[in-house]
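We name chains A, B, ... by the order of the sequence lines, and we start the count at 1 in each one.
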Amino acid sequence: MSDVNYTEAFEELQRIVSEIEQGEISVDELSEKVKRAALLIKICKSKLATTEEDVNKILKELDNVSIDPNED
Amino acid sequence: MSQIENNKTIFSLLEVTTSIQKTINERYKSFFWVKAEMNKLNLYKQSGHCYPELVEKKNGKVVAQVKAVLWKDDFNRINNNFKHTLKESLKDGIKILFQARITFDPAHGLSLWITDIDPSYTLGDLEREKQETINRLKEEGIFYRNKTLKLPLLPQRIAIISVETSKGYADFIRVIDTNSWNYKFFYHLFPSLLQGDKVVQSISEQLKKIKSVRHHFDVVAIIRGGGGDVGLSCYNDYKLAKEIALFPMPVITGIGHATNETVTEMISFSNAITPTKLAEYLLQTFHNFSVPVQEAEKKLIDKSRRLLSEESTKFQSEVKLFRSMTENILSSNRNDLKSTTRSLLQHAQYLFKNEKEYLRSARVNIIRGTNTICNIAKQEIQNFAKAVRKDSYSQLNKFNLIVFQLREKLISRSGMQLKNSSLELNNIEKNIANMSPANVLKRGYSITRLNGRLVTSLSQVKSDDVIETTISEGNIISIVKSTNKTTDQ
């Protein structure tokens, strides 16, 4: 989808909205900005509904930690 | 009574305990105030009686320990006082100042019979302990440390410190798992005791674990619930509070009680009154993300539409303005033209009128002038004519005189001329008569004609021609016999 993480996507989206609210976007740029905003909205919405964490990975890491008592 | 057997005086246990009871009852007859730490309240729910464990510690070690009894009626009264003053019930692990009497029961042994507990002492003690923790954390500059951390926009991955079977845990995960907005959370439970003496140690261990896998998580949630208000003073523990304050991730708490906030809750990144509220807090952070995104979507659509419509309106009004301005300019030019035409016309008419007037007066002047000139000329001509006539008369007279003189002269001269000429004429007449053909013929000359034509050359006549010869008396008709040419002499 894009290399932008959701925090950046959110901030960029806010920027675009504020730009358009301040009337800083001309009709010429409008199409491009709206296209970009649509992508950012998609990124944000998808982040709200998905997570990529894996419990097994965490459990494995926790096992490794308990083997090494010196680790803080 | 005691028995003597093999030189030994032997008492039964009851005799001993009864003796102790007697001694104690004689020695300790009154009630007195005692301060101690109530390690355990030991409330028996069925009977309603309590059997508190009282201890005194020095440097963390128990140096005195006594059992106590608190009968149902006393407990209820005291507990009500506590609830009123401390906003919480009597509980384990608090320091109390109580009124008691030492009693001894042969079957149950020594105990302190508590008849009253002063809630303000406990309050003060707990408060002092809590205040000490707060002060130390502030002095070390770490009281607000956890609050200064940054919570990710979406705290989606939660390390939960709780008890799997607790109501609070169940409430928490139910709220975050079944939210109606389909927000997705990831969570993992790090089980820990949340009540009693071992809370501090247990939570610390789990925090250590979480720290080792912290890149998998956004936030730590300490969730306790269903345990009522009992045993919360451990959350005022300095060691635990410090560990949470210094934890490298935001720690949020939902410890679930109705009384004063504990230090742990104060220093945590965020605190909610119950696990449910804590879950709702997390949902709220999602809302805080989601709502602006939705609003952004709506605003973008609205603003884009408005922008486009504004541009269109602007354009139309420009067109309208342009048209009206052009019309204005045209109409003003037209008006200018009209008024110029009018003024030109007027001016021209004025000029024409002037010129006409001038011409008319010029014509009048010319006519008048011409008449004058004509009159003068006529006069001059008349004068001239008069003069001419006068001159002509005199000239004519002169001429008449000259003519008369000339006639006279002519008459005289012509008379002489006539005499001369008549004389001359007579001579000429004589000559002319001598020369006439009749006279000539008389002198012997004849005229020969052939066929009426004069014969002047021999060549005209050949032999046998009939010629007519005229002489003075008449004609001779002859026939030619021959011709011969006169030879020159």
Side-chain angles (χ1 to χ4, degrees), chain A residues 2 4-72, chain B residues 150-159 176-177 179 181-190 205-218 248 282-283 285-312 314-315:
Chain A
S2 170
V4 186
N5 73 38
Y6 76 92
T7 308
E8 290 163 354
F10 185 76
E11 282 163 5
E12 193 182 340
L13 182 62
Q14 298 292 330
R15 257 201 316 280
I16 292 177
V17 169
S18 119
E19 276 173 14
I20 201 168
E21 277 186 322
Q22 313 277 316
E24 288 165 4
I25 291 182
S26 71
V27 174
D28 296 331
E29 309 167 288
L30 187 63
S31 161
E32 201 184 312
K33 290 279 184 185
V34 169
K35 221 181 274 173
R36 178 71 181 163
L39 175 69
L40 298 171
I41 289 170
K42 204 167 158 194
I43 293 169
C44 291
K45 283 190 169 173
S46 126
K47 181 63 186 175
L48 282 165
T50 55
T51 164
E52 290 149 6
E53 279 303 336
D54 181 2
V55 180
N56 292 327
K57 222 163 128 189
I58 297 171
L59 291 178
K60 204 180 270 178
E61 282 181 36
L62 283 171
D63 282 347
N64 293 343
V65 169
S66 52
I67 289 167
D68 183 2
N70 291 328
E71 179 134 349
D72 185 16
Chain B
K150 202 162 183 285
L151 193 68
L153 274 182
L154 292 177
Q156 205 167 26
R157 305 168 304 166
I158 313 157
I176 64 168
D177 273 350
N179 71 81
W181 302 275
N182 289 326
Y183 297 153
K184 179 81 177 169
F185 290 91
F186 167 82
Y187 53 87
H188 186 71
L189 177 67
F190 292 83
E205 279 169 12
Q206 294 304 333
L207 284 175
K208 207 172 278 180
K209 273 194 192 172
I210 293 169
K211 210 167 171 181
S212 71
V213 289
R214 66 175 192 242
H215 52 281
H216 291 290
F217 296 101
D218 300 316
L282 290 176
L283 289 179
T285 63
F286 271 56
H287 289 331
N288 292 347
F289 182 86
S290 169
V291 171
V293 169
Q294 283 168 8
E295 277 173 2
E297 197 172 3
K298 216 174 125 232
K299 276 180 196 166
L300 275 167
I301 292 169
D302 286 355
K303 289 280 173 185
S304 303
R305 282 206 185 119
R306 193 174 306 167
L307 186 58
L308 288 174
S309 110
E310 275 172 6
E311 281 298 321
S312 153
K314 217 189 280 174
F315 180 68

Say you draw a straight line from [atom1] of [X] to [atom2] of [Y]; how long is it, rounded to the nearest 0.5 Å?
X: B:R305; Y: A:L30; atom1: CZ; atom2: CG; value: 12.0 Å
X: A:L62; Y: B:S212; atom1: CG; atom2: OG; value: 5.0 Å
X: B:K209; Y: A:I58; atom1: NZ; atom2: CD1; value: 12.5 Å
X: B:Y183; Y: A:T50; atom1: OH; atom2: OG1; value: 13.5 Å
X: A:K45; Y: B:S290; atom1: NZ; atom2: OG; value: 7.5 Å
X: B:K184; Y: A:S46; atom1: NZ; atom2: OG; value: 13.0 Å

* To do: Check whether more than 12 heavy atoms from other residues, nucleotides or ligands sit under 6.0 Å from atom CD of A:E52, and answer yes or no.
  =>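 Incorrect, the count does not exceed 12.
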
Find the one option among [options] whose heavy-atom pairs under 4.5 Å with chain A are most numerous.
options: B:W181, B:F286, B:F185; result: B:F286
options: B:N182, B:D302, B:L300, B:L308; result: B:L300
options: B:E295, B:R306, B:K303, B:H188; result: B:K303

Compare all side-chain heavy atoms of [X] with those of [Y] and state whether any distance is below 4.5 angstrom.
X: A:I20; Y: B:S304; value: yes
X: A:E61; Y: B:H215; value: yes
X: B:F186; Y: A:V55; value: yes

Below 4.5 Å from any heavy atom of chain A, which atoms of [X] appear? Answer side chain, backbone, both or neither.
X: B:H216; result: both
X: B:F217; result: side chain
X: B:Y187; result: neither
X: B:E311; result: side chain

* Asked: Does the A:Y6 side chain pair with the main chain of B:L154, one donor and one acceptor, at a distance under 3.5 Å?
  ->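 A pair under 3.5 Å: yes.
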
* Look only at the side chain of B:Q156 and the backbone of A:A49, and say whether a donor-acceptor pair between them is shorter than 3.5 Å. =>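 No; zero donor-acceptor contacts below 3.5 Å.
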
* Asked: Most heavy-atom pairs under 4.5 angstrom with chain B, which of A:I41, A:D54, A:L59?
  ->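 Of the options given, most contacts go to A:I41.
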
* **chain B contact via A:K47 - which portion, at a heavy-atom distance below 4.5 Å** =>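 Backbone plus side chain of A:K47, per the 4.5 Å heavy-atom cut-off to chain B.
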
* To do: Against chain B, label A:L40 side chain, backbone, both or neither, depending on which of its atoms sit under 4.5 Å from a heavy atom there.
  =>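 A:L40 has no heavy atom closer than 4.5 Å to chain B.
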
* **Salt bridge B:K299-A:E21, side-chain N to carboxylate O under 4.0 Å** =>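 A salt bridge is present here (some side-chain N lies under 4.0 Å from a carboxylate O).
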
